[in-house]
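Lettering of chains follows the sequences in order, A, B, ..., and the numbering in each one begins at 1. Just so you know, these numbers come straight off a predicted model, no measurement behind them.
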Amino acid sequence: MEKSLLCFHCGEACPDHSIAIGDKSFCCHGCKTVFEILNTNELCDYYNIEETPGITPKQDLVSDRFAYLDDETVRQQVLEFSDAKTEKVTFHTPAMHCVSCIWLLEKLHDMDQRIYSSLVNFPRKEVSITYNPAEMKLSETAALISSLGYEPLVSLDTVSKREQSTAEKKLYLKIGLAGFAFGNVMILSFPEYLSRSGAVDPVFKMVFGYLSLVFSLPILIYATKDYYASAWASLKSKTINIDVPVTLGIGMLFFRSAWEILTQTGVGYLDSFTGLVFFLLVGRLFQQKTYEVLSFERDYKSFFPLSITRKINNVEAVVSVSKLKPGDRIVVRNQELIPADSVLLKSDAFIDYSFVSGESNPVAKKAGDFIYAGGRQSGTTIELEVIKEPSQSYLTQLWNNEVFNKPRVSTLNKLANQVSHYFTFGVLAIAIVAALYWFQFDTAKGIKVFTAVLIVACPCALALSSPFALGTALRIFGRQGLYMKNTEAVEALSKINTIVMDKTGTLTEARQEIIEFSGDSLSGIERQMVRSLVHHSTHPLSQKIFQALDIAPSMTIENFEEVSGQGIRGESQGHLLKLGSGKWLGLKPEQIDAEDMKTRVYLSIDGKPKGFFLIANIFRKGLRPLLNDLLKRFKLYLLSGDSEREKPALVNLFGNESDLYFRQTPEEKLAFVSSLQSSGSHVLMVGDGLNDAGALRASEVGIAITDDVSAFSPASDGILTGKNLHLLGTFIRMSKATTQVIVASFVISIIYNVVGVGFAVAGKLSPLVSAILMPASSISVVAFTTFTTTLRARMMKLT
Amino acid sequence: MYVMFILIAFSLAVSLIFLAAYFWSVRSGQFDDKYTPSVRILFDDKGTHKKTETDAESVGNHEENQ
């Protein structure tokens, strides 16, 4: 009965019946509060939509946590719309996870009348709140949704997302326009398909022709704009990409048709023209699968807090981080990030640099010590003096490196572009030769043949095969937890030959550690005493041991003492307990294991050694088979910011000691990847932290590993959920298979082109032949690529 | 036979209306979120609270587009 006691709100196990309303038990006061809010506002329908839908609200609610939002500069960046009566803000709330969340977040008005309305965008995990600024502050809206368990993530990188959504809107408009023109022109061309030449009334023919021309004009001017721009950019850089022959074909189609219609010499190929553009744009939409929740373009600003508590003359005020100046005093609480390089002024700190350097154990710092920005304080509240502005700190210097300042150009040539180079010259040569041949007999026919060859050779199918094959692969990857930024990244992944990996958080689980006691088995009382002892210490290792021991009532500890960097001691029921390093406990060197690669915390009771707590990182599941597989196919390196203490285990995994590098700074990682590239390698970087950001950016493909995809991860080409790391080898295989599919579809589309060019050279390309051949080739190539790509994925058990 | 021109003009007018409607729907952001509205419509709103939320929303959108 006790076991099945679940929280009415969030469904987590409740320790006991102590927190309850009537017959409903709650796991914590946070959940109870949410229930009370819902209950008083008659919103308990929430619980009928889904069973135990709630989220445990964060416990350590500091009331002024969102006070920085009321700072005028922050407000202007965060608010979407503001006037005297209405303000609108959109918060990103990653905790949103089910239908009930949508329901609850859209009922904010019922909870607080000062809010006019709230609207959820679930795919983006965003909630837009419109409220009355005369009565409500921005920080209060954030506090309200936070109290419901939806912690808003405020960052300033939302601008790029809006740009992305307008680009998508434009594509929708273009597709609508092209589809409209395609359908209408097709209908107007129909009489011509069905009748023998001359059977259609010339007046109809003329009117239909002019109407088709009117429909086609916006397509020529607006819908295909991107293709012209891309072709022009490619010609300017003296290369030929796939858009060059496409633009050539499209242009020829339109102008030849326009000429035929205006001179009344024919009906033109406008049906083919509009259809072609329509298919091309649909291909582009398919390729543009975006993961709206994810952001692939983050710099350090996204990771840093927006605000910090500054202390001036003992008065604390929340200010925006960008306003910090050297000499300012700041207050950093438990689990907060240090925003600038500073010197510790007050109380001891334990700084967790795992995110910045990859060092997995928190570092103890004393007053007067220098602390780099990016560390996370764990334990008590500390006070610091800022030495450098946030943008000038040691870590953020990495973003001044040139790789971050120049637009990223892939060094890998796209398959389609390689082909289109030969293709374009080939087609031009055929067109000229055929035209020269016909000029001997008939100049007009020569021009007709020349344009017909360019029209029919328009590599529509060729241009569609890559988007559909890669787009399909992109979707398959997404279902397996690898979210690639775009199809180019999928293609680049197929060409890599070197893999560089980070350790902490990439090969090992980020937050999980094994804690076990080895030595004499501890009695119940002894466990209780140890647990009570570590309860007094804020040291991260103490807290880990505290969490690892079973729940037991606390005992009183007397004469507690914490020796910084050594350990803790205290007396309980007449026994002296000491917990700390082996040396401090007075153990002889032979009692301390020489191969001390994991963190050990030794315990002695009344001076008698009892054993030690072992704290070790856990490697992710399936790591050994993955590395065995990758080692056979790629050159593999490990770059860790951590110390060598886990080296033996890693040598065992990687097999070769010389490819393992430890104590790597972020700059060294970046330089390492660059040096590999300059020796001709195509590098895949797999990392997780800010310290990998440079290497992720410099590599051909950078994949960020994260345990929570909606959490922040550094800028990368792909985001992979940690639990699917073992599939990395299969993902690379799949990307290679996809490029094989593309090559096969190129062959098919070239066969179509050869047939079409055959008609054209013979001067027999009638509008009907063109209207059948072009869509048929496009559709069959699309069907072929999508089907074979899915089939290959199924063979690799990826679907 | 020339009566066809009237038919063509009429059918064109209708299709242009639909094209305009489509353009409006894209611009007003109906394609931004293709999931949430499908869920929202299934909530019972117990008839108590206002349904003008979407109006306030689109006003906000227009302002912000400027």
Output the distance between atom [atom1] ([X]) and atom [atom2] ([Y]), rounded to the nearest 0.5 Å.
{"X": "B:Leu42", "Y": "A:Ile102", "atom1": "CG", "atom2": "CD1", "answer": "10.0 Å"}
{"X": "A:Leu105", "Y": "B:Thr36", "atom1": "CG", "atom2": "OG1", "answer": "11.0 Å"}
{"X": "A:Phe208", "Y": "B:Met4", "atom1": "CZ", "atom2": "CE", "answer": "4.5 Å"}
{"X": "A:Ile187", "Y": "B:Ile8", "atom1": "CD1", "atom2": "CD1", "answer": "10.0 Å"}

Exercise. For A:Tyr172, does its backbone N or O pair with a side-chain atom of B:Tyr22 as donor and acceptor, under 3.5 Å?
Worked result: yes
Exercise. Side chain, backbone, both or neither: which part of A:Leu211 has a non-hydrogen atom closer than 4.5 Å to chain B?
Worked result: side chain
Heavy-atom side-chain contact between [X] and [Y] under 4.5 Å:
{"X": "A:Leu173", "Y": "B:Phe31", "result": "no"}
{"X": "A:Glu126", "Y": "B:Asp33", "result": "no"}
{"X": "B:Val39", "Y": "A:Trp103", "result": "no"}

Exercise. Taking everything shown except A:Phe190 itself, do over 12 heavy atoms lie less than 6.0 Å from its CZ?
Worked result: no
Exercise. For B:Phe5, does the CZ atom sit with more than 12 other heavy atoms under 6.0 Å from it, leaving out its own atoms?
Worked result: yes
For this session: Could you tell me which non-hydrogen atom of A:Val120 sits nearest to which non-hydrogen atom of B:Arg40, and how far apart they are?
Result: O-NH2, 3.1 Å
For this session: Examine whether an atom of B:Leu16 lies under 4.5 Å from a heavy atom of chain A, and if so say whether it belongs to the side chain, the backbone or both; otherwise answer neither.
Result: both
